[in-house]
Amino acid sequence: MLYSPCKLRHLQKDTDEKNTSREDDDTSAEDNTREGSFKKRKFLPKELKEKFACARPSGKQVKDFNHHITAELEKLAAAYKSKKDTWRALGYQKAISAIRNYPRPITSREEALSIRGVGGRLADKVAEIVESGKLRKVAEVCEDEEAQTLQRFMGVWGAGPTTAHGWYIQGYRTLEDLREKGNLTRHQQIGLKYYDDINSRIPREEVAEIENYVRSAAHGIKKGLIVMVCGSYRRGRATCGDVDVLVTHPDGQSHETVFQPLLNKLRETGFLTDDLVTQEDNGNQKKYLGVCKLPGEGQKYRRLDVIVVPYCEFAPAAMYFTGSAHFNR
DNA sequence: CGGCGGTACTG
DNA sequence: CAGTAC
DNA sequence: GCCG
């Protein structure tokens, strides 16, 4: 697949929910607001509109017909990942993604097997879930203390399987242990501090609020900036694991000078509360990873990524960062 | 069987 | 360099 | 785990 105007170097792929250990609730409301406002922008050249037509997922909310199946498989995927069985976990994750996009309830082993990404072993498991409502393998693999602890530790941002295992063999079992005795990297300290918030799903309504907040700040810096949330939000999911904000400017130049001023502005207002990676350069893209919180009482801390791209890479970047099913084939 | 994304940051 | 995240 |  090629996108003509610019070379697409270093585009990041985001195949599915990053929070593999969490599950979405289903349902509800589609957002026409952003799409609506988007169509009204008159300065979009037509070739870019065409790309958007490809890039834009259907406006409909994505239904999760096989939630009972993916929820069970997610448990195994997370357990395998925590045990450093990464390729097995990847196989599970691909199958889960495929099943999640499957447009109707799966009722048989054969039907499962017809889905690309689901092989014989997983089709057996799907069949067991369809028949009994659960997987015995989950009890076997996930319910021992080690598996539970490893997964708890991997919920700390910046801690992967190796770190989690290291903590485990040092005798740590709880987050309290980590706070008191573990030596954590700066990333992990932040990840621990906001553990509960960061590991909760974000309602898409709140994602929209965050998008608007960032957009307002951006427009205070430079008029005409385009601010758009990608990721699972853009795929129509009811909840998201984090917020992926893509920023560009139609004049093809302004994106170069916007990155730091925008972040500074968001810091000044107290919206950005912690930085994880302050600048990751990818060709002419710039990426920020951090933590934000909307103003007001009772708001949660949320993981926020900001990516600034040149205009010519905007549409394809939106596709990459959205990671649509279309793109996985 | 071997390959499974490729890159940038942190320490 | 290994580990991690995107 | 799955795929080619």
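No experiment lies behind these values; they were computed from the predicted model shown. Numbers restart at 1 for each chain; the letters A, B, ... are given by sequence-line order, proteins then strands.
Ring geometry for A:Tyr80 against A:Tyr92 counts as tilted: the plane angle lies between 30° and 60°, on a 0 to 90° scale.
Of the candidate nucleotides D:dG4, B:dC4, C:dA5, C:dA5 has the atom nearest to the side chain of A:Arg303. Distance from the side chain of A:Arg116 is smallest to D:dG4 among D:dG4, D:dG1, B:dG11. Here the nucleotide nearest the side chain of A:Asn282, chosen from D:dC2, B:dC4, B:dT7, is B:dT7.
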message = Does A:Asp177 form a salt bridge (charged side-chain N to carboxylate O under 4.0 Å, His left out) with A:Lys181? I'd like the steps, not just the answer.
response = CA-CA 6 Å; A:Asp177 290 339; A:Lys181 304 174 279 186; 3.6 Å; yes

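When heavy atoms are screened at a 4.0 angstrom cut-off, A:Asp281 is found touching the sugar-phosphate backbone but no base atom. Across all strands shown, A:Thr163 has heavy atoms under 4.0 Å from sugar-phosphate atoms exclusively, and none from any base. In this structure, A:Leu122 reaches the sugar-phosphate backbone alone: every heavy-atom distance under 4.0 Å involves primed, P, OP1 or OP2 atoms, never a base. Backbone-only engagement by A:Thr162 is indicated by non-hydrogen atom pairs under 4.0 Å involving sugar-phosphate atoms exclusively. As judged by a 4.0 angstrom heavy-atom cut-off over every strand, A:Ala95 is placed among residues making no nucleic acid contact.
The same atom, C1', is picked in D:dC3 and in B:dG5; the two are 16 Å apart, to the nearest Å.
Residues A:Asp281 and A:Lys286 meet the side-chain proximity criterion, which asks for heavy atoms closer than 4.5 Å.
Atom pair A:Gln188:CD and B:dG11:C1' shows a separation of 11 Å (rounding to whole Å applied). If you measure from atom NE2 of A:His187 to atom P of B:dC9, you get 12 Å, rounded to the nearest angstrom. A straight line from CG of A:Leu289 to P of C:dA5 spans 11 Å, rounded to a whole angstrom.
The backbone N or O of A:Gly290 lies less than 3.5 Å from a partner atom in the side chain of A:Arg303, making a donor-acceptor pair.
Between A:Lys84 and C:dA2 there is no side-chain polar atom (N or O) within less than 4.0 angstrom of OP1 or OP2. In this structure, A:Tyr80 reaches the D:dG1 phosphate: one of its side-chain N or O atoms is under 4.0 Å from OP1 or OP2.
Classification of A:Glu140 and A:Lys137 as a salt-bridged pair holds, one side-chain N sitting under 4.0 Å from a carboxylate O.
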